[in-house]
Novice: 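I'd like to ask you about the structure that follows.
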There are 2 protein chains.
Amino acid sequence: MPGKPIQDPFPDHAHDHDRCVKEAFDRAEKLFKQNGLRLTDLRRSVLEIIWQSHRPIGAYDILDRLKDGGRRAAPMTVYRTLDFLMENQLVHRLTSQNAYIGCDHPEESHRGQFLICRTCGVVGELSDARIITAIKETAATTGFSVEAPVVEVTGLCRDCVELDGAGRGHA
Amino acid sequence: MPGKPIQDPFPDHAHDHDRCVKEAFDRAEKLFKQNGLRLTDLRRSVLEIIWQSHRPIGAYDILDRLKDGGRRAAPMTVYRTLDFLMENQLVHRLTSQNAYIGCDHPEESHRGQFLICRTCGVVGELSDARIITAIKETAATTGFSVEAPVVEVTGLCRDCVELDGAGRGHA
DNA sequence: GCTTGAATTGATATATTATAACATTCTAGA
DNA sequence: TCTAGAATGTTATAATATATCAATTCAAGC
Ligand SMILES: [Zn+2]
Ligand SMILES: [Zn+2]
Ligand SMILES: [Zn+2]
Ligand SMILES: [Zn+2]
């Protein structure tokens with residue numbers, strides 16, 4: 001049985017994105033059922049828009065796409081939906097980008113660390129214990145008790161490093 | 001000779017803040033001279049306002065205080081000055097707060113890590129090699145090359161942990 | 001099926017943060 | 001003094017996010 005290979009946290013430029021979307025929605029639907037949440041048309045649409053790529057998308061861009069899709073909507077519509085999706089870990093907000101990105105593993109309560117490629121715009125989510133430990137222990141030396149670490153790292157992804165920062169265009 | 005004791009990255013609730021301000025301005029003046037920069041009234045005022053406390057302050061709050069001080073100013077005035085101060089490492093922007101904080105050590109080019117107390121609002125800046133190493137090495141396992149890590153950690157500072165999250169009020 | 005309260009969405013207005021573009025003033029040096 | 005570049009003034013606008021109240025939809029119990 002093939003199954004999923006060892007997971008790479010950063011989506012390759014040539015990966016099968018349809019599979020990402022399918023898996024994301026499978027997980028989402030499961031989560032909604034388990035928790036008795038309502039996967040409404042609006043929520044589904046917003047989630048679809050967000051999962052159209054691995055690039056973070058702004059609230060007003062989501063709004064535009066909703067309108068393109070024939071739905072009438074206002075900023076509040078989007079922000080409310082984003083709040084709901086974030087509460088349920090289906091979406092994360094990248095504070096350094098004022099933008100939103102889909103999450104791979106909404107089952108577990110978490111706050112990921114993010115790698116953001118400056119060239120292609122793609123984001124990968126990490127969940128690395130060592131980073132968190134380093135932050136917690138360093139904070140502890142000054143008596144600081146960590147609650148919500150924000151880690152957002154810009155740089156160049158594997159594919160864009162190879163292209164020496166000239167790469168563009170993929171899901 | 002007394003000199004400075006081992007530096008604690010998080011300002012104590014009862015520390016001598018006048019000394020912080022004095023030292024910050026000594027460093028700033030030195031930096032301006034060394035680099036042939038112009039420490040204008042506007043820049044000095046903005047830096048003073050930012051150093052009034054160890055809490056981050058928003059651009060529009062800076063604007064208000066400038067006006068209180070009898071200076072006429074517009075948002076652009078503030079943002080331009082902040083840009084200048086940030087270029088010269090005298091000020092950092094906390095992306096998770098949309099707010100700005102004074103920097104302790106403008107001499108060295110750096111991008112700090114920040115501890116932000118949710119109760120008293122005070123911010124301490126770290127510059128911890130272990131955190132950066134953990135981020136770089138983890139990123140490297142997926143071929144990602146780190147350029148600009150953002151680390152902003154909210155939680156409770158030493159003093160506020162002791163008060164169990166009821167503390168308030170100091171510089 | 002009908003009722004009802006809660007959840008969801010609609011609609012309008014406004015707050016907050018940040019940038020664009022061009023004009024004027026200041027300042028260091030020739 | 002003259003002048004070019006730096007700094008600031010001024011006006012307008014973009015981009016992001018929230019507050020508030022009304023209308024609609026939905027699930028559950030009767
Ligand atoms: Zn994908
Ligand atoms: Zn996640
Ligand atoms: Zn101080
Ligand atoms: Zn600093």
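Letters go in sequence order (proteins before strands), and every chain restarts at 1.
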Novice: Pick out which of L156(B), L126(B), L115(B), V161(B) makes a side chain to side chain contact (heavy atoms under 4.5 Å, CB included) with F144(A).
Specialist: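 With F144(A) as partner, L156(B), L126(B), L115(B), V161(B) yield a single side chain to side chain contact (heavy atoms under 4.5 Å, CB included), made by L115(B).
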
Novice: Measure from CG on L37(B) to P on dG5(D) and round the result to the nearest Å.
Specialist: 19 Å

Novice: Over how many whole Å does the gap from I62(B) atom CD1 to dT16(C) atom C1' extend?
Specialist: 14 Å

Novice: Please state whether the base of dG9(D) and the side chain of R80(B) form at least one donor-acceptor pair under 3.5 Å?
Specialist: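 Pair found.
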
Novice: Think R72(B) has a side-chain N or O under 4.0 angstrom from the OP1 or OP2 of dT8(D)?
Specialist: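 So the side-chain polar atoms of R72(B) never come under 4.0 Å of the phosphate oxygens OP1 or OP2 of dT8(D).
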
Novice: Figure out the CG/C1' separation between D61(B) and dA18(C), and round it to whole Å.
Specialist: 15 Å

Novice: Salt bridge check: are K33(A) and E29(A) linked by an N-O gap of less than 4.0 Å?
Specialist: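 No, this pair does not count.
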
Novice: Give the rounded distance in Å between these two atoms: CG of L39(B) and C1' of dT27(C).
Specialist: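 Answer to the nearest Å: 15 Å.
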
Novice: Can a side chain N or O of Y100(B) be found less than 4.0 Å away from OP1 or OP2 on dA18(C)?
Specialist: yes

Novice: Looking for any heavy atom pair under 4.0 Å, which part of the strands does R43(B) touch: base, sugar-phosphate only, or nothing?
Specialist: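 Sugar-phosphate contact only.
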
Novice: Can you tell me how far P of dG9(D) sits from OH of Y79(B), to the nearest Å?
Specialist: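 Computing the Y79(B):OH to dG9(D):P distance gives 17 Å.
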
Novice: Rounding to a whole Å, what distance do you find between D64(B):CG and dT17(C):P?
Specialist: 11 Å

Novice: Quick test of your reading: applying side-chain hydrogen bond (donor to acceptor under 3.5 Å, both in side chains), list the pairs with at least one residue in residues 107-117 of chain A, sequence neighbours left out, ordered by first then second residue.
Specialist: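 Sorted pair list: Q89(A)-S109(A), H92(A)-H110(A), H105(A)-H110(A), H110(A)-E125(A).
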
Novice: By nearest heavy atom, map M76(A) and F84(A) onto DNA chain C; which one lands nearer the 5' end?
Specialist: F84(A)

Novice: Looking at dA6(C), I'd like to know if its phosphate oxygens (OP1 or OP2) sit under 4.0 Å from a side-chain N or O belonging to R38(A).
Specialist: no

Novice: Show, in sequence, the C-alpha distance, side-chain angles and deciding distance for I62(A) and I50(A), and conclude whether the side-chain contact (heavy atoms from CB on, under 4.5 Å) test is met.
Specialist: CA-CA 7 Å; I62(A) 294 172; I50(A) 289 176; 3.9 Å; yes

Novice: Examine the side chains of E147(A) and T154(B) and answer whether a donor and an acceptor come within less than 3.5 Å of each other.
Specialist: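 No pair is found: no donor N or O on one side chain lies under 3.5 Å from an acceptor on the other.
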
Novice: Just the rounded figure in Å: distance from C1' of dA7(D) to CZ of R71(B).
Specialist: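 After rounding, the gap between these two atoms is 10 Å.
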
Novice: Given atom CZ of F32(B) and atom C1' of dA7(D), what is their separation to the nearest angstrom?
Specialist: 13 Å

Novice: Under the side-chain contact (heavy atoms from CB on, under 4.5 Å) criterion, do L66(A) and S45(A) qualify, and how do the steps go?
Specialist: CA-CA 7 Å; L66(A) 276 176; S45(A) 297; 3.8 Å; yes

Novice: Could you list by number each residue of residues 88-98 of chain B showing a heavy-atom separation from DNA chain C of less than 4.0 Å, or answer none if no residue does?
Specialist: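 Nucleic-acid contacts, sorted: R93(B), N98(B).
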
Novice: It should be established whether T40(A) places a side-chain nitrogen or oxygen under 4.0 Å from OP1 or OP2 of nucleotide dT25(D).
Specialist: no

Novice: Do we count Y60(B) as stacking onto dT17(C) if the rule is ring centres under 5.5 Å and planes under 30°?
Specialist: yes

Novice: Take atom CG of D41(B) as the centre, draw a 6.0 Å sphere, and report whether it contains more than 12 heavy atoms from other residues, nucleotides or ligands.
Specialist: no

